Amino acid sequence: MTTTYQNQKRLLVAVDCIIFGFDNEELKLLLIKRNFEPEKGKWSLMGGFLQEEETSAEAANRVLHSLTGLQDVYMEQVRTFSHPERDPVERTISIAYYALINIEDHNQELSKKHSAEWFSLSNAPQLIFDHGDMVTTAINLLRYKTSVQPIGFELLPEKFTMRQLQKLYEAILDQELDKRNFVKKINQLDVLTKLEEKDMTSSKKGSYLYQFDKEKYASESRGDFSLNI
């Protein structure tokens, strides 16, 4: 080890996961009740420390899997949070990631083990440290991303109605959308496959089900994907 490295103080590096889910009505956030000091018993994001052999993305996937049982989940880095006093115990830098999952897919027993609960964004409790800032930053990034990429479909079941899709975008954007304009815009994007199946729970007539066509999206140039409604 060189003299330059020897003279530097070592810092802890953590990852924190902002886990978003959708229940067909609201955008929700998965939080855990912290079981150790400081701030024991308060609500927190799920996180952990970066191990020597891991990248930050690998650490975030490990944390996510331990809480939800899911793998190969859409995940994206939000940014690094590095205020010197963000953790009162020791100087810790945190790299935040947000993940998008279908609520029905996650392992409820694992969540229960970690005292985790889903909260609507409008009714989320106060979080420890700077976790509230992480959530706000992640939501803003998610809103931008859903307007330029079809990542919102990660929050839906494989088959969904147009109403479910509209409710999802309304939940993410936190605003009501005109139904006719929304459907027109979605159809123009040409990324959905309309199925012969119907969801008969919404009305006697039923609503057609759709699927996101990943191959069609991947096979075409999508620089024009824009959902500015």
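The basis for the numbers below is simple: all heavy atoms, side chains too, and nothing from hydrogens, waters or symmetry mates. No experiment lies behind these values; they were computed from the predicted model shown.
- Heavy atoms only, all atoms of each residue included: H114 and S66 are closest at NE2-O, 3.3 Å.
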Under 3.5 Å, side-chain donor or acceptor atoms of residues 115-129 against the rest of the protein: list the pairs with distances, not counting sequence neighbours.
| residue | atom | partner | partner atom | Å |
| --- | --- | --- | --- | --- |
| S120 | OG | S122 | OG | 3.4 |
| S120 | OG | N123 | N | 3.4 |

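- With hydrogens and angles disregarded, no donor-acceptor distance shorter than 3.5 Å links the side chain of E154 to the backbone of I151.
- Side-chain contact check for F49 versus L12: some heavy-atom pair is nearer than 4.5 Å.
- With rounding to the nearest 0.5 angstrom, the CZ atom of F182 is 6.5 Å from the OH atom of Y169.
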Before you tell me yes or no, could you show the steps for R163 and D199 under side-chain contact (heavy atoms from CB on, under 4.5 Å), namely the whole-Å CA-CA distance, both residues' side-chain angles and the distance that decides it to 0.1 Å? CA-CA 11 Å; R163 180 184 181 279; D199 172 21; over 6 Å; no

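- The environment of E39 atom CD is dense: over 12 non-hydrogen atoms of other residues, nucleotides or ligands sit within 6.0 angstrom.
- Between the side chain of E170 and the backbone N or O of L177, at least one donor-acceptor pair lies under 3.5 Å.
- In terms of heavy atoms, V73 sits closest to A99 at CG1-CB, 4.1 Å.
- Within the 4.5 Å cutoff, the side chain of I186 has heavy atoms near those of the L165 side chain.
- L50 and I93 fall into different hydrophobic clusters, defined by Ile, Leu, Val, Met, Phe, Trp and Tyr side-chain heavy atoms under 4.5 Å apart, directly or through other members.
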Please evaluate residues F22 and N24 with respect to the criterion side-chain contact (heavy atoms from CB on, under 4.5 Å), reporting the C-alpha separation (whole Å), side-chain torsions for both, the decisive distance (0.1 Å), and the verdict. CA-CA 6 Å; F22 182 62; N24 294 329; 4.1 Å; yes

Evaluation steps, side-chain contact (heavy atoms from CB on, under 4.5 Å), between T92 and L11: CA-CA 6 Å; T92 305; L11 306 177; over 6 Å; no

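- The two residues D178 and N181 make their nearest non-hydrogen contact at OD2-N, 2.9 Å.
- Atom NE2 of H131 is separated from atom OG of S44 by 4.5 Å, given to the nearest 0.5 angstrom.
- Taking 4.5 Å as the limit, some side-chain heavy atom of D213 sits within range of a side-chain heavy atom of E215.
- Annotation: side chain of I172 is in contact with side chain of L155 (closest heavy-atom distance under 4.5 Å).
- The line from NZ of K112 to CG of N107 is 12.0 Å long, rounded to the nearest 0.5 Å.
- Every residue meeting the salt bridge (Lys or Arg N to Asp or Glu O under 4.0 Å) condition with D23, not counting sequence neighbours, appears here in chain and number order: K28.
- Judged by distance alone, with hydrogens and angles left aside, the side-chain atoms of E104 form no donor-acceptor pair with the main-chain N or O of H106 at under 3.5 Å.
- H65 contributes no side-chain N or O that, together with a main-chain N or O of L70, makes up a donor-acceptor pair within less than 3.5 Å.
- With rounding to the nearest 0.5 angstrom, the CG atom of N61 is 8.5 Å from the OH atom of Y97.
- Between M46 and D16, the closest side-chain pair of non-hydrogen atoms is not below 4.5 Å.
- Within a 6.0 Å radius of CD in E158, other residues, nucleotides and ligands contribute 12 heavy atoms or fewer.
- Checking side-chain atoms of R91 against main-chain N and O of S82 turns up a donor-acceptor pair under 3.5 Å.
- Side-chain contact between F212 and V191 is present, with at least one heavy-atom pair separated by less than 4.5 Å.
- Other residues, nucleotides and ligands place more than 12 heavy atoms under 6.0 Å from the CD atom of E58.
- Between the side chain of T136 and the backbone N or O of D133, no donor-acceptor pair lies under 3.5 Å.
- Using modelled atom types, no side-chain atom of Q149 and backbone atom of T146 make a donor-acceptor pair closer than 3.5 Å.
- Evaluation of the ring-ring contact (aromatic ring centres under 6.0 Å, His included) rule for F81 yields no partner, not counting sequence neighbours.
- No continuous path of ILVMFWY side-chain contacts below 4.5 Å connects L29 to L67, so the two sit in separate hydrophobic clusters.
- To the nearest 0.5 Å, atom CZ of residue R79 and atom CE of residue M134 are 8.5 Å apart.
- To the nearest 0.5 Å, atoms CG (D105) and CD1 (I101) are separated by 7.5 Å.
- Taken together through direct or relayed side-chain contacts under 4.5 Å among Ile, Leu, Val, Met, Phe, Trp and Tyr, V135 and V15 form parts of separate hydrophobic clusters.
- Residue F153 forms a ring-ring contact (aromatic ring centres under 6.0 Å, His included) with just one option from Y74, Y210, F160, and that option is F160.
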H83 vs D130, side-chain contact (heavy atoms from CB on, under 4.5 Å): CA-CA, chis, key distance, verdict: CA-CA 9 Å; H83 192 284; D130 53 358; 5.6 Å; no

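- Two residues are said to be in side-chain contact when any heavy atoms from C-beta on lie closer than 4.5 Å; L209 and T161 meet this criterion.
- Cluster annotation: I32 is not connected to W43 through the hydrophobic network of ILVMFWY side chains, with a link wherever side-chain heavy atoms come within less than 4.5 Å.
- Closest heavy-atom contact between I18 and A96: CD1-CB, 4.0 Å.
- Remark: K9 does not engage E90 in a salt bridge, criterion side-chain N to carboxylate O under 4.0 Å.
- In terms of hydrophobic clustering, with Ile, Leu, Val, Met, Phe, Trp and Tyr side chains grouped at heavy-atom distances under 4.5 Å, I19 and L31 are assigned to different clusters.
- With R34 contributing its side chain and P38 its backbone, the two residues share a donor-acceptor pair below 3.5 Å.
- Annotation: K198, atom NZ; neighbour count of heavy atoms from other residues, nucleotides and ligands within 6.0 Å is above 12.
- Pairing each heavy atom of L30 with each of S111, the nearest pair is CD2-OG, 4.2 Å.
- Counting only N and O atoms by type, the side chains of T137 and Y98 include no donor and acceptor under 3.5 Å apart.
- Here the closest heavy-atom approach between residue Q166 and residue K179 is recorded as OE1-CA, 3.5 Å.
- Checked by atom type and distance alone, the side chain of Q8 never pairs as donor or acceptor with a backbone atom of Y5 at under 3.5 Å.
- Using a 4.5 Å heavy-atom threshold, the side chains of K145 and L141 count as touching.
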